[in-house]
Amino acid sequence: MADNVAQGIENMSLEGDKKLKGLQKKNDKKKAAKEGSPSSGGKKVCEMKPPPEFIASRLVMWDRLKAEQDAEMAAKVPVDITVTLPDGKTVPGQSWRTTPYDIASGISKGLADSCVVAKVNGEVWDLDRVLEGDVKLELIKFDDDEGQAVFWHSSAHILGEAMERVYGGHLCYGPPIEQGFYYDMHSADVNVKDEDYKVLDDLVKNIV
């Protein structure tokens with residue numbers, strides 16, 4: 001009887017060891033997976049391929065809306081307009097065809113390339129947005145406070161796109177600030193690290 005009890009205890013011990021080893025293997029796998037996730041630092045981040053699904057659906061919407069706008073602009077009948085510059089000089093143009101960038105290029109290519117944005121009748125206006133009638137036009141460079149604000153705002157959007165393509169996170173708020181810009185992102189799985197900077201920087205350059 002004593003032998004039977006001893007054998008039973010030995011069998012129980014062996015079975016317990018097997019279960020313990022099984023649990024240890026599971027824990028090791030979980031640990032390895034966690035260390036390999038972008039949030040743990042065990043795996044170097046890179047651009048997600050394929051990209052998150054929401055990016056693809058957004059691009060489909062963009063292409064549709066852009067095609068609709070292009071068709072609407074093409075259907076507009078242009079008329080001659082007068083563009084008045086801050087020094088009083090006037091430049092001819094056409095409504096629904098001429099852009100602030102066109103006017104700047106007509107003055108000098110260097111001026112056009114150094115401008116960040118325009119103001120049309122006091123309203124901030126994209127350089128490639130067509131003029132709609134007679135206007136007073138200001139060409140804004142980066143050294144202007146408004147030029148910096150627009151530049152930082154656009155830069156924040158570019159950073160946001162890079163963050164979506166690298167982390168797959170959901171953008172929250174990305175404003176221009178006094179000396180630059182930032183973008184908040186929500187993600188339950190990812191922690192952004194200093195080592196990620198080069199990946200984001202390279203992707204931002206490709207986007208631009």
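Throughout, residue positions are numbered sequentially from 1 according to the sequence presented. Values below: all heavy atoms of this structure, side chains included; hydrogens, waters and symmetry mates excluded.
In the hydrophobic clustering of this structure, Ile103 does not group with Trp96; members are Ile, Leu, Val, Met, Phe, Trp, Tyr whose side-chain heavy atoms approach within less than 4.5 Å, directly or through other members. Under a hydrophobic-cluster definition in which Ile, Leu, Val, Met, Phe, Trp and Tyr are linked whenever side-chain heavy atoms come within less than 4.5 Å, directly or via other members, Met48 and Leu200 are assigned to different clusters.
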Just do the ring-ring contact (aromatic ring centres under 6.0 Å, His included) check on Tyr182 and Trp152 with the steps written out, would you? CA-CA 9 Å; Tyr182 69 90; Trp152 296 136; over 10 Å; no
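Interatomic distance, Leu203 CG to Cys46 SG, rounded to the nearest 0.5 Å: 10.5 Å. Remark: Leu59 CG to Phe54 CZ distance equals 10.5 Å, nearest 0.5 Å.
Contact of the Asp184 side chain with the Leu171 side chain is not registered, since no non-hydrogen atoms from C-beta on lie closer than 4.5 Å. Side-chain atoms of Cys115 and Leu127, non-hydrogen and from C-beta on, do get closer than 4.5 Å to each other. Between Leu131 and Pro100 there is a side-chain heavy-atom pair separated by less than 4.5 Å. Looking at Asp113 and Lys109, their side chains come closer than 4.5 Å, going by heavy atoms from C-beta outward. Counting heavy atoms from C-beta outward, Met185 and Val192 have side chains that approach closer than 4.5 Å. Side-chain contact between Leu137 and Leu85 is present, with at least one heavy-atom pair separated by less than 4.5 Å.
Between the side chains of Tyr167 and Asn191, no donor N or O sits under 3.5 Å from an acceptor N or O. For the residue pair Ser105 / Asp102, no side-chain donor-acceptor distance below 3.5 Å is found, with atom types taken as modelled.
Under the side-chain contact (heavy atoms from CB on, under 4.5 Å) test applied with Asp70, the options Lys66, Glu72, Met73 reduce to a single match, Lys66. For the side-chain contact (heavy atoms from CB on, under 4.5 Å) test with Leu139, the passing option among Val116, Asp144, Leu111 is Leu111; the others fail.
Scanning both residues, Val166 and Val199, for their nearest heavy atoms gives CG2-CG1, 4.2 Å. A pairwise comparison of heavy atoms in Ser187 and Val190 identifies OG-N, 3.2 Å as the closest pair. Taking each heavy atom of Pro52 and Gly168 in turn, the nearest pair found is CG-CA, 3.8 Å. The two residues Pro78 and Lys76 make their nearest non-hydrogen contact at CD-O, 3.3 Å.
Within a 6.0 Å radius of CD in Glu178, other residues, nucleotides and ligands contribute 12 heavy atoms or fewer. Shown here is Asp87, whose CG atom has more than 12 heavy atoms of other residues, nucleotides or ligands within 6.0 Å.
A salt bridge does not link Lys198 with Asp201: every distance from a Lys NZ or Arg NE/NH1/NH2 to an Asp or Glu carboxylate oxygen is 4.0 Å or more. In summary, Arg129 and Glu132 engage in a salt bridge, as defined by a charged side-chain N under 4.0 Å from a carboxylate O. Note on Glu195 versus Lys44: no salt bridge recorded, every NZ/NE/NH1/NH2 to OD/OE distance being 4.0 Å or above. Ion pairing between Lys119 and Glu123 fails under the 4.0 Å rule for side-chain N and carboxylate O.
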When the side chains of residues 154-164 are checked against the rest of the protein, which donor-acceptor pairs come out under 3.5 Å, sequence neighbours left out?
unit_1 : atom_1 : unit_2 : atom_2 : d
Ser154 : OG     : Val150 : O      : 3.2
Ser155 : OG     : Phe151 : O      : 2.7
His157 : NE2    : His153 : NE2    : 3.1
Glu161 : OE2    : Arg165 : NH1    : 2.8
Glu164 : OE1    : Arg58  : NH1    : 2.9
Glu164 : OE2    : Arg58  : NH2    : 2.9

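Looking only at distances, no side-chain donor or acceptor of Thr90 sits under 3.5 Å from a matching main-chain atom of Thr82. Remark: the backbone N or O of Lys136 is paired with a side-chain donor or acceptor of Asn121 at under 3.5 angstrom.
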